[in-house]
Amino acid sequence: MQLVVARIGRAHGIKGEVTVEVRTDEPELRLGPGAVLATDPASVGPLTIETGRVHSGRLLLRFEGVRDRNGAEALRNTLLIADVDPDERPEDEDEYYDHQLIDLDVVTEDGEQVGRITEISHLPTQDLFVVERPDGTEVYVPFVEEIVTEIDLEEQRAVIDPPPGLIDDRAEVASSRDSGDEA
């Protein structure tokens, strides 16, 4: 299985280094020296990582055969793709790869069918499941322990305990005013 693990950004300096937008939780595993990565567009690769370092919070990579700024700039916006065993699991048992979660059925703890995960949205504060409901609408479910109570890969389902209003219109509106008192 092929997974996008990074996107090449702008050139850094004059010796062929590029900035990289990391798209994997395991950059040390996927983006280490010696790693050979497929590319999109395919005509650019495959690329072999020669060196990597962190500079001012950004990952910088240099690829074999890329020795100057022009060569590095030509790689801009190229996606880096790693071959991953589909049965491979992250080291932490509470972590999952996106491909393991896509297409899981989403059900509430009482068995109500919510829909199917079609996408994982990675936001700075948390990840969201994009869930397509049977009627074609979408609902966003935060991938947090308080809401997603179980991931069962064997049964191909994610069990959720949604707060009122997350998947329906049961939202409870709190008001500091008494409905009977008018001023």
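The analysis underlying the following values was restricted to heavy atoms, covering all of them including side chains, and did not include hydrogens, waters or symmetry mates.
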Colleague: Over all heavy atoms of both residues, which pair between R116 and D105 is shortest? Give the atoms and the distance, please.
Modeller: NH2-OD1, 2.8 Å
Colleague: Does any part of the side chain of L31, heavy atoms only, come nearer than 4.5 Å to the side chain of V5, both counted from C-beta?
Modeller: yes
Colleague: Are V141 and I151 linked, directly or through intermediate hydrophobic residues, by side-chain heavy-atom contacts shorter than 4.5 Å (ILVMFWY only)?
Modeller: yes
Colleague: Is a side-chain donor or acceptor of T118 paired with a backbone partner of V131 at a separation under 3.5 angstrom?
Modeller: no
Colleague: How many angstroms lie between atom CD of E119 and atom CD of E132, to the nearest 0.5 angstrom?
Modeller: 11.5 Å
Colleague: So does R133 have more than 12 non-hydrogen atoms from other groups sitting under 6.0 Å from CZ?
Modeller: yes
Colleague: State whether the side chain of S121 and the backbone N or O of L128 hold a donor-acceptor pair below 3.5 Å, judged by distance alone.
Modeller: no
Colleague: Over all heavy atoms of both residues, which pair between I49 and G32 is shortest? Give the atoms and the distance, please.
Modeller: CB-O, 3.6 Å
Colleague: Mind listing the closest non-hydrogen atom pair of T39 and G45 along with its distance?
Modeller: OG1-N, 2.9 Å
Colleague: Quick one: does P162's side chain get under 4.5 Å of T108's, heavy atoms only?
Modeller: yes
Colleague: Using atom types as modelled and distance alone, determine if a side-chain donor or acceptor of E155 lies under 3.5 Å from a backbone N or O of R157.
Modeller: no
Colleague: For side chain to side chain contact (heavy atoms under 4.5 Å, CB included), just list the numbers for F63 and T48, CA-CA rounded to whole Å, side-chain angles, deciding distance to a tenth of an Å, and then say yes or no.
Modeller: CA-CA 6 Å; F63 300 99; T48 302; over 6 Å; no
Colleague: Can you tell if the side chain of V159 reaches within under 4.5 Å of the side chain of V107, non-hydrogen atoms only?
Modeller: yes
Colleague: Answer yes or no: is there a donor N or O on one side and an acceptor on the other, between the side chain of R69 and the main chain of G13, under 3.5 Å?
Modeller: yes
Colleague: Please check this pair: side chain of D40 against backbone of A42, looking for a donor-acceptor N/O pair closer than 3.5 Å.
Modeller: no
Colleague: P33 and E50: which non-hydrogen atoms are nearest, and at how many Å?
Modeller: CB-O, 3.6 Å
Colleague: For A35 and R30, work out which heavy atoms get closest and say how close.
Modeller: CB-O, 3.7 Å
Colleague: Are T78 and R7 close enough, and set up right, to give a side chain to side chain contact (heavy atoms under 4.5 Å, CB included), and what steps lead you there?
Modeller: CA-CA 6 Å; T78 298; R7 184 183 65 81; over 6 Å; no
Colleague: Distance check, rounded to the nearest 0.5 Å: T137 atom OG1 versus D135 atom CG?
Modeller: 3.5 Å
Colleague: Taking L61 as the starting point, is it possible to reach I14 by hopping between hydrophobic residues whose side chains are less than 4.5 Å apart?
Modeller: no
Colleague: Kindly work out whether a path of hydrophobic side-chain contacts (I/L/V/M/F/W/Y, heavy atoms less than 4.5 Å apart) joins L79 to V18.
Modeller: no
Colleague: When you group the ILVMFWY residues by side-chain heavy-atom contacts below 4.5 Å and let the links chain together, are L47 and L60 in the same group?
Modeller: no
Colleague: Is there a side-chain contact between L59 and T19 in this structure, where contact means two heavy atoms from C-beta onward sitting under 4.5 Å apart?
Modeller: no
Colleague: Please assess H55 against H12 for the test side chain to side chain contact (heavy atoms under 4.5 Å, CB included), listing each intermediate value before the final yes or no.
Modeller: CA-CA 10 Å; H55 176 72; H12 179 83; 3.6 Å; yes
Colleague: Is any side-chain heavy atom of I117 closer than 4.5 Å to one of V106?
Modeller: yes
Colleague: Looking at R53 and E17, is any side-chain nitrogen of the basic one under 4.0 Å from a carboxylate oxygen of the acidic one?
Modeller: yes
Colleague: Rounded to the nearest 0.5 Å, how far does CD of Q156 lie from CD of Q100?
Modeller: 9.5 Å
Colleague: Please examine the side chains of K15 and R67, heavy atoms only from C-beta on, and report whether any two atoms are closer than 4.5 Å.
Modeller: no
Colleague: How many angstroms lie between atom CD1 of I8 and atom CG of L75, to the nearest 0.5 angstrom?
Modeller: 4.5 Å
Colleague: Taking side chain as C-beta onward, heavy atoms only, is I160 less than 4.5 Å from F143?
Modeller: no
Colleague: Are F129 and I102 linked, directly or through other ILVMFWY residues, by side chains that come within less than 4.5 angstrom of each other?
Modeller: yes
Colleague: So which heavy atom on L166 is nearest to which on Y140, and how close?
Modeller: CD1-O, 3.5 Å
Colleague: Can you establish whether the number of heavy atoms outside Q126 located under 6.0 Å from its atom CD is more than 12?
Modeller: yes
